[in-house]
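These notes concern the structure reproduced below.
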Amino acid sequence: MSTPLPSLPAFRSRVVPVVVLQEVAHAVPLARALLAGGIDVIEITLRTPCALDAIAAVARDVPEMQVGAGTLLTADDVRRARDAGARFGLSPGHSPSLLQAVAEAGLPFVPGVMTPGEVMAAREAGYQLMKLFPATVAGGLDMLKALASPFGDVRFCPTGGVNLDNLAGFLAQPNVALVGGSWLAPSAALRAGDWGQITALARQAIGACRG
Ligand code: 3PG
């Protein structure tokens, strides 16, 4: 009998902002701006040199924000994200060595999938929540409906091509638990320090979830 996988932290928001940060100084005001708009979860992608410091800053200074590390591609990424204080991890895909590193790190994790075979491999490893990436390229709602029948126990977080106009449709799909997207933290708003715009985008997204 295998050990149960650690659960994701509890958060209220069904929308996960996917962010690429160029400056560590943006991390805390961004997290506070999203919280002010009703979003209590964030995926900081390991795509920039400051990402780990940004995760550490949010974990330390904004504890009510559930900070996840995204774009985990290697075992080393997993360890460094865990050590920085990420409460969970996400990846655009998964591989045996990545899943092993995640298990060893004890990090709650959302593996990425795009095909039925990848869903089967993640399911075999014990995962029931998976990131469908890139969601609209993979077929969007039609793909999610097609996956629902053979994989009745799997829930998805479609990411990639999700936006304010289509998020309600995704969330209405019974096998969709969450959606992710980058539109909530536009790079121009980050550069300008326009935290009010980010709070407004978060409120709009939360409104669309309710609608
Ligand atoms: C990404 O990896 O950049 C995310 O999937 C976000 O995709 P999006 O920019 O289409 O929201």
Side-chain angles (χ1 to χ4, degrees), residues 8 11 13-23 26-27 30-31 33-34 37-39 41-52 54-55 58 65-74 77-78 80-81 86 88-95 98 102 109-115 118-119 122 127 129-144 147 155-173 175-191 194 197-209:
L8 287 188
F11 45 82
S13 169
R14 293 183 73 199
V15 181
V16 182
V18 177
V19 308
V20 180
L21 287 176
Q22 303 297 340
E23 307 233 10
H26 293 162
L30 168 65
L34 290 167
I39 292 183
V41 62
I42 187 171
E43 171 185 343
I44 297 180
T45 57
L46 298 201
R47 297 183 201 171
T48 54
C50 73
L52 289 166
I55 289 167
V58 174
M65 174 59 81
Q66 300 298 339
V67 59
T71 321
L72 299 183
L73 303 181
T74 66
D77 290 342
V78 170
R80 292 187 304 151
F88 65 104
L90 309 101
S91 176
H94 62 83
S95 68
L98 191 72
V102 164
F109 184 62
V110 184
V113 296
M114 196 189 170
T115 66
E118 290 162 4
V119 173
Y127 291 95
L129 175 65
M130 304 174 194
K131 172 168 171 161
L132 178 67
F133 178 82
T136 51
V137 177
L141 279 180
D142 286 342
M143 180 62 161
L144 287 157
L147 292 171
R155 296 290 172 271
F156 294 94
C157 175
T159 307
V162 179
N163 55 46
L164 190 63
D165 296 330
N166 62 14
L167 83 93
F170 278 111
L171 287 173
Q173 187 57 33
N175 60 347
V176 171
L178 307 164
V179 296
S182 66
W183 84 94
L184 291 143
S187 53
L190 293 171
R191 268 197 312 276
D194 189 351
Q197 185 192 343
I198 286 170
T199 296
L201 288 169
R203 282 209 183 104
Q204 220 178 15
I206 296 296
C209 294

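No experiment lies behind these values; they were computed from the predicted model shown. We're numbering straight along the sequence, starting at 1. As the structure lists them, so they are numbered: ligands from 1, and atoms in each ligand from 1.
The line from CG of Leu73 to OG1 of Thr45 is 10.0 Å long, rounded to the nearest 0.5 Å. Between the CG atom in Leu184 and the CD1 atom in Ile42 there is a gap of 9.5 Å [rounded to 0.5 Å].
For the pair Leu167 and Trp183, the minimum side-chain heavy-atom distance is below 4.5 Å. A 4.5 Å side-chain heavy-atom check between Leu141 and Val176 finds every atom pair outside the cut-off. Contact annotation: the side chain of Ile39 never approaches that of Phe11 to less than 4.5 Å [non-hydrogen atoms, C-beta and beyond].
Partners of Leu98 under the side chain to side chain contact (heavy atoms under 4.5 Å, CB included) rule, at least two apart in sequence or in another chain, are Val78, Ser91, Ser95, Phe109.
Residues of the protein with a heavy atom under 4.0 Å from ligand 1 are Val18, Arg47, Phe133, Thr159, Gly160, Gly161, Gly181, Ser182, listed by chain and number.
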